Amino acid sequence: MNPNLETRVEQARAILAANDRGGYTVPTDRLYPFQWNWDSAFVAMGWATFDGERAWREIERLLEGQWEDGLVPQIVFHAPSDDYFPGPEVWGITRSPPTSGITQPPVLASAVRFVLERLGKAGEARAAAIYPKLVLNHGWWERARGPGLGGLVATLHPWETGMDNSPAWDVALARVPTQTTTAIQRRDTGHIDASFRPRGVEYQRFIHLVDLFRGAGWDPARMLAVSPFKVADVATNAILLRAERDLLDLAGRFGSAAERAAITQRIAAKETALAGLWHEPLSAYLSRDLVSGEPIPVRTSAGFLPLFAGLHGKASFLAERLQAWRARGIALVPSTDPDDPRFEPQRYWRGPVWAVVNWMTAEGLAVAGEPETAALVLAETRRLIGEAGFSEYFDSTSGAGIGGDTFSWTAAIDLLLAEDAVA
Ligand code: DGY
């Protein structure tokens, strides 16, 4: 084995260990001092490369925050911290552990399948105990966010998409008033340069939505009815379709025939609905604004994720787009199309590269018969981390590392890629 690689693997493992707060991993120290939903799913996969017990604990601790109706919250506030706003007092949810009241992209079932396959028989009892919670969670998506959407699900807050300030949300978010009953006390800009983070007016709207949903008692039907921000996010829907496929695999080991039939039916509906998000005039998969009913005409990295969901019809076309960007010196995968006037290569989800999106895109490309572009995206990810460190995200023009450093999900993805490199 290459001695440099060994050092790098050790560094990545050390980041997960340093961010471990007792069975759960914070995304990074101070900026994000709690357990985040989709971060933890990727981080569990990273743990699985060297500590199986710890991988299962990550998932179990996240599920300590699951609500009775099946919601897996965006944040589980296991222990108090003054480093983050909005903390549990703003959400006003009196559970133990306290949680936020919204969710994040549902990577979890895919992570459970990954960890189980990795650990084999040894993990079966753990996975069997987790499986019903995943079934409950996927049911929640249908009941709470799917009614009337023909296989798609709605997202009610940019934080739920995980791509908080994507330009895809600009128009839908502009409908949200800027008044808040909660006094805004941003902490993120105390840790990170403000020019790399969402703008102040976006935060006002983010908090307006939290105030609104708290006023609706976190009741899913009321939230759906009152939210001025309601989108069918192409990333969330693609990740959910992939997660349904992985849940079906788990159901084959742990579930009933009735569960398998229900999941199979959902997969069929989602395949058709997700394919329907392809927009020929912009040659891209686009999110849909569920208030106006119109496609959102902004090409973002979310549009590559239907490949991860197993839709392969547009694979060669999307692969060519990535190759063309790289040929122009753009680091892959920029979170917004570099030709879009709203592209900002350093501002969070308006242009930078994120390792988790790269990993999902490459997974999709590889299975879709585009191994060269898959390898290119993985090589880019390794290059950026190798040159800039385990940053939260990367400038898609210069490759510089931005945001939190020693970031858990970047370390986790690097561990997955290191294994590919070794193999
Ligand atoms: C943030 O950036 O504070 C959001 O909570 C991310 O989920």
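Start at 1 and go down the list; that is how both ligands and their atoms are numbered. This is a predicted model, so every value here is computed, not measured.
Side-chain atoms of Ser335 come within 3.5 Å of backbone N or O of Pro352 as a donor-acceptor pair.
A donor-acceptor contact closer than 3.5 angstrom is absent between the side chains of Arg326 and Thr373.
Given atom 2 (O) of ligand 1, the protein heavy atom at minimum distance is Tyr32 OH, 3.1 Å.
Heavy-atom contacts of Trp36 reach the following atoms of ligand 1: 5 (O), 6 (C), 7 (O) (cutoff under 4.0 Å). Taking a cut-off of under 4.0 Å to the non-hydrogen atoms of Asp164, the atoms of ligand 1 that pass are 1 (C), 2 (O), 4 (C), 6 (C). The atoms of ligand 1 that sit less than 4.0 Å from any heavy atom of Tyr84 are 1 (C), 3 (O), 4 (C), 5 (O). For ligand 1, the atoms lying closer than 4.0 Å to a non-hydrogen atom of Arg197 are 2 (O). Taking a cut-off of under 4.0 Å to the non-hydrogen atoms of Gln104, the atoms of ligand 1 that pass are 7 (O).
Test Asp164, Val298, Asp233 against Trp169 for side chain to side chain contact (heavy atoms under 4.5 Å, CB included) and you get one pass: Asp233. The salt bridge (charged side-chain N to carboxylate O under 4.0 Å, His left out) with Arg350 is formed by just one residue from the set Asp340, Asp337, Asp170; it is Asp170.
In this pair, Tyr32 and Tyr84 present their aromatic rings tilted. The plane angle is within the 30 to 60° band.
Here Phe34 has no heavy atoms under 4.0 Å from ligand 1, in either its backbone or its side chain. The proximity of Tyr348 to ligand 1, defined as any non-hydrogen pair under 4.0 Å, is limited to the side chain. Residue-level proximity to ligand 1 for Asp188 is absent, since no heavy atom of it falls below 4.0 angstrom.
Checked for salt-bridge contact, Asp83 and Arg187 miss the test: no charged N lies under 4.0 Å from a carboxylate O.
The six-membered or imidazole ring of His78 lies away from that of Phe34, with a centre-to-centre distance of 6.0 Å or more.
Considering every non-hydrogen atom in both Pro338 and Arg328, the closest pair reads CB-NH2, 4.2 Å.
Checked by distance only, ligand 1 and Trp159 stay at 3.5 Å or farther apart across all their nitrogen or oxygen atoms.
Using a 4.0 Å heavy-atom cutoff, Tyr203 is listed among the residues neighbouring ligand 1.
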